[in-house]
Amino acid sequence: MRLGEMQDWPLRVTRLVDHAEREHADGEIVTAWADGSITRTTWGTVARDARKMAQALERLGIKPGDRIATLAMNHEHHLIAWYGAVGMGGILHTINPRLFDDQLEYIANHAEDRVLLYDRAFTPIVERMKPKWKTIEQYICFDPAEDETGFREWIDAEDGNYEWVDGDERAPLGLCYTSGTTGNPKGVLYEHRSTMLHTLAQLSPDIMGLSKQAVVLPIVPMFHANAWGVPWAGAATGAKLVLSADYRPERMCQLFRDEKVTHSAGVPTVWLTMIEHVERTGETFPDLKQVTIGGSAAPRAMIRWLRDRGVAVGHAWGMTETSPIGTCGAPPSGWDQMGDEEQVEYIARQGRVPFGVELRIVDDEDNVLPRDGKSSGRLQCRGPWVIKRYFKAEEDAADADGWFDTGDVAVLHPDGTMQITDRSKDVIKSGGEWISSIELENAAVGHPAVAEAAAIGIPHPKWDERPLLCVVRANGNDVSEAEIRDHLRKHVASWWMPDAIEFVDELPHTATGKLSKLQLREQFRDYRFSNAEEMVGRD
C-alpha cells in the first residue's frame with residue numbers, strides 16, 4: 001500500500017496557453033507589422049485561435065508527429081501557429097528565411113514538412129523553392145494581399161471547439177536546424193518536457209525575471225532557437241508581448257517608448273545598432289529595465305553603456321542544442337559591495353547555470369579541468385533541455401554520461417560563473433598559446449570610434465597563426481590604426497596585439513546575426529602579413 005501519491009500531470013506545452021487563457025486572458029499581444037501598422041490581441045484570443053488552427057490542420061489531413069513549417073517573422077499569427085501546430089500533436093519547424101537556397105532545400109526535405117505557413121514578404125523565396133521542396137503539400141500565407149485568402153480566413157472557418165491532443169510529455173513538439181555548422185544543417189528536436197522545464201527555469205529572477213508586470217519585446221526572431229523561449233515564457237506569466245517584424249533601431253526605440261517595454265533580448269549586433277542610433281538622435285527608452293544579450297559575447301563597452309542608462313544586463317550563453325539557455329548573468333551575493341568595474345567584469349562573463357544545467361571543461365584528452373578561473377578547455381554540458389541526438393541521426397551527439405561538446409572554449413571560475421574565451425574553431429593558436437578572438441574584438445569595440453570588430457587567425461611561418469583585426473569605423477570617422485593600437489595596449493597582452501588591422505565597410509554575419517568567421521576567413525584566405533617572412537628565424 002502506498003503512503004501517498006502525487007498527481008501525474010504531464011508537462012505538455014499546451015498547458016502554458018491553457019494557463020494564459022484561464023489566468024491571463026486579457027494579457028496583451030502587440031504586433032508591429034512590416035507595413036507600419038499596429039494590431040492588438042490577447043492571450044485569451046491567441047488560445048482560441050490556436051484551437052481553430054489545430055482543427056484546420058486536421059481538416060487538411062495532418063496527423064500527430066507531422067512537421068508543420070513556418071517561414072515568418074515575429075507577429076501574432078506566428079504565435080498562434082506555434083500553439084496551434086503543437087496543440088494538434090504536430091511538430092513545429094521554424095525555418096530561417098536568411099538561409100541560402102541549398103540550405104532551405106535541404107532542411108525542408110530532411111524534415112519532411114507537410115505544411116508551410118509564411119509571410120507575404122517571403123513569397124519570392126517560397127515561389128523559388130516550391131519546385132525543390134518535395135514533401136510540402138499546403139502553402140498558407142500569414143498576411144496575404146486583400147483579395148487573397150490566407151491564414152485568418154483559413155482558421156476562421158473553424159469554431160475553436162477543440163481538445164488538445166494529449167500524450168507523453170517526452171513527445172516531440174519542435175524542430176530547429178543549426179545554421180553555424182559546416183556541411184548540412186543539423187536538426188534539434190525539442191520535446192514537451194524539455195521545453196516546459198526550460199520555460200520554468202527561464203522565469204527565475206536570475207535568467208529573464210519575467211512576470212505579469214513585464215512588457216517583453218524580443219529582438220530575436222521566432223525562427224532563431226525558439227526566440228530564446230520568450231513565446232513560451234510569456235504564456236506562463238501572462239506578460240505583455242510586443243512582437244515586431246521590423247528591427248530597425250528607430251522602430252525599436254519607438255516601440256520601447258510607446259508600449260513601455262521593460263524587458264528585451266537580442267544579439268550584440270542588434271544592440272550596437274541601437275546604441276549608435278541613440279547616440280546620434282538622443283532618443284530614450286525610459287521604461288527598459290533589463291536586457292538579455294546572447295548569441296556572441298557582449299563587449300564591456302556595451303554593458304557599461306546600458307548600465308549608465310539604468311538597464312540591467314543579463315549576459316547569456318546558449319545554443320540551438322540547449323533550447324537555448326545554458327547560462328545567464330545575474331548579480332551575485334555581495335553585488336552592492338563590488339565596485340563598478342568589478343561589476344562590469346562580472347557581467348562580461350556568460351553567467352551561471354540555472355538548476356537543470358551542468359557544465360564542465362575538458363582538455364584534448366578529455367581530462368576534466370579545474371574550475372579555477374584560469375584553466376581553459378572545451379566546454380561540455382548536460383541537462384534535461386540539452387540535446388542527446390540530432391534529428392534522424394544514427395548516433396548520439398552526447399557521450400555515454402550525457403556530456404555534449406558545445407564547440408566552445410571556456411573557463412569556469414570558482415564562483416560558478418562561466419566565461420567563453422572562443423569557439424574552438426575560432427581561437428587563434430600562436431606559438432603554442434591561445435589568443436581569444438572574442439577578448440581581442442571586445443577590447444577593440446571599447447574604442448568609441450569602432451562600431452564592430454572581428455579577429456581571425458592568419459597563417460604565420462613562425463608562430464603558426466597571428467591575429468588579423470578587421471574593423472568597421474563608427475559614424476564615418478577616420479580613426480587610425482595607430483589610435484586603435486594605442487587603445488588595445490591598455491587592454492590586452494602585448495603578444496595578443498594584431499599583426500595587422502584592416503578597415504572594412506562591413507563584416508559578414510550569419511543568418512542569426514552573429515559574426516561569420518567562416519566567411520571572413522574565406523574572404524582573407526590569401527592574406528599574408530607583410531613582415532611574416534622576415535620574422536622567420538628571429539628569436
Side-chain angles (χ1 to χ4, degrees), residues 34 57 60-63 65-75 77-78 81-82 85-86 90-144 148 150-151 172-190 220-227 245 295 319-321 324 387 389-395 397 407 425 508-514 516-523:
L57 285 170
L60 292 178
I62 305 303
K63 305 294 185 185
D66 286 345
R67 269 72 76 191
I68 298 128
T70 63
L71 189 73
M73 296 300 291
N74 297 7
H75 50 71
H77 292 167
H78 201 180
W82 276 38
V86 171
I91 298 173
L92 176 77
H93 175 203
T94 52
I95 298 178
N96 185 341
R98 299 168 183 165
L99 296 176
F100 298 116
D101 282 9
D102 58 346
Q103 295 172 315
L104 291 170
E105 177 183 1
Y106 173 81
I107 63 175
N109 291 334
H110 186 260
E112 298 178 89
D113 296 324
R114 293 193 60 194
V115 177
L116 176 73
L117 299 105
Y118 65 96
D119 287 351
R120 178 158 44 113
F122 301 133
T123 300
I125 297 175
V126 172
E127 293 302 320
R128 190 171 69 243
M129 298 305 301
K130 271 184 179 180
K132 300 179 181 180
W133 285 333
K134 305 303 183 185
T135 62
I136 299 177
E137 305 160 13
Q138 299 285 340
Y139 292 85
I140 299 162
C141 186
F142 276 128
D143 56 337
E148 297 175 340
F151 178 79
L173 69 83
L175 181 61
C176 188
Y177 282 76
T178 62
S179 60
T181 56
T182 55
N184 288 324
K186 298 176 181 178
V188 179
L189 194 65
Y190 304 111
V220 55
M222 291 173 71
F223 57 74
H224 179 202
N226 295 317
M319 54 200 314
T320 304
E321 289 89 340
I387 192 170
R389 180 179 296 195
Y390 288 104
F391 183 58
K392 293 185 177 180
E394 296 182 358
E395 297 180 354
K425 60 189 176 185
H509 292 84
T510 69
T512 53
K514 303 176 187 177
S516 176
K517 298 292 183 70
L518 185 66
Q519 294 180 58
L520 198 63
R521 282 192 290 267
E522 178 64 21
Q523 181 180 337

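Both backbone and side-chain heavy atoms feed into the values below; hydrogens, waters and symmetry mates do not.
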Main-chain N/O of [Y] paired with [X] side-chain donor or acceptor, under 3.5 Å:
X	Y	result
Arg67	Ala111	yes
Trp133	Leu104	yes
Asn96	Phe223	no
Thr135	Asn109	no
Asn74	Val220	yes

Could you tell me if the side chain of [Y] sits less than 4.5 Å from the side chain of [X], heavy atoms only?
X	Y	result
Glu105	Met129	yes
Lys392	Glu112	yes
Leu92	Tyr190	no
Pro508	Glu522	no
Tyr139	Thr123	no
Tyr118	Ile95	no

Exercise for the section: Report the residue from Leu175, Leu173, Ile387 that forms a side chain to side chain contact (heavy atoms under 4.5 Å, CB included) with Leu189. Expected result: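 For Leu189, the side chain to side chain contact (heavy atoms under 4.5 Å, CB included) check succeeds only for Leu175.
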Please report the interatomic distance [atom1]([X]) to [atom2]([Y]), rounded to the nearest 0.5 Å.
X	Y	atom1	atom2	result
Thr320	Tyr390	OG1	OH	8.5 Å
Lys186	Glu321	NZ	CD	8.0 Å
Asp102	Asn184	CG	CG	8.0 Å
Glu137	Asp113	CD	CG	10.5 Å
Leu57	Leu117	CG	CG	7.0 Å
Ile136	Ile68	CD1	CD1	12.0 Å

Practice task
Quick one: do Met222 and Thr94 satisfy side-chain contact (heavy atoms from CB on, under 4.5 Å)? Show the steps, please.
Solution key: CA-CA 7 Å; Met222 291 173 71; Thr94 52; 5.7 Å; no
Practice task
Please test Ile140 against Leu60 for side-chain contact (heavy atoms from CB on, under 4.5 Å), starting from the C-alpha separation and ending with a verdict.
Solution key: CA-CA 12 Å; Ile140 299 162; Leu60 292 178; 4.3 Å; yes
Mind listing the closest non-hydrogen atom pair of [X] and [Y] along with its distance?
X	Y	result
Glu394	Arg389	O-NH1, 3.5 Å
Ala121	Pro124	O-CD, 3.6 Å
Ile125	Pro97	CD1-O, 3.6 Å
Ala81	Thr70	CB-CG2, 4.4 Å
Cys176	Ala225	SG-N, 3.9 Å
Arg114	Gly61	NH1-O, 3.2 Å

Exercise for the section: Using only heavy-atom distances, determine whether the side chains of Asp143 and His75 contain a donor-acceptor pair under 3.5 Å. Expected result: no
Exercise for the section: Return the orientation label for the His93 and Tyr177 ring planes: parallel under 30°, perpendicular over 60°, tilted otherwise. Expected result: tilted
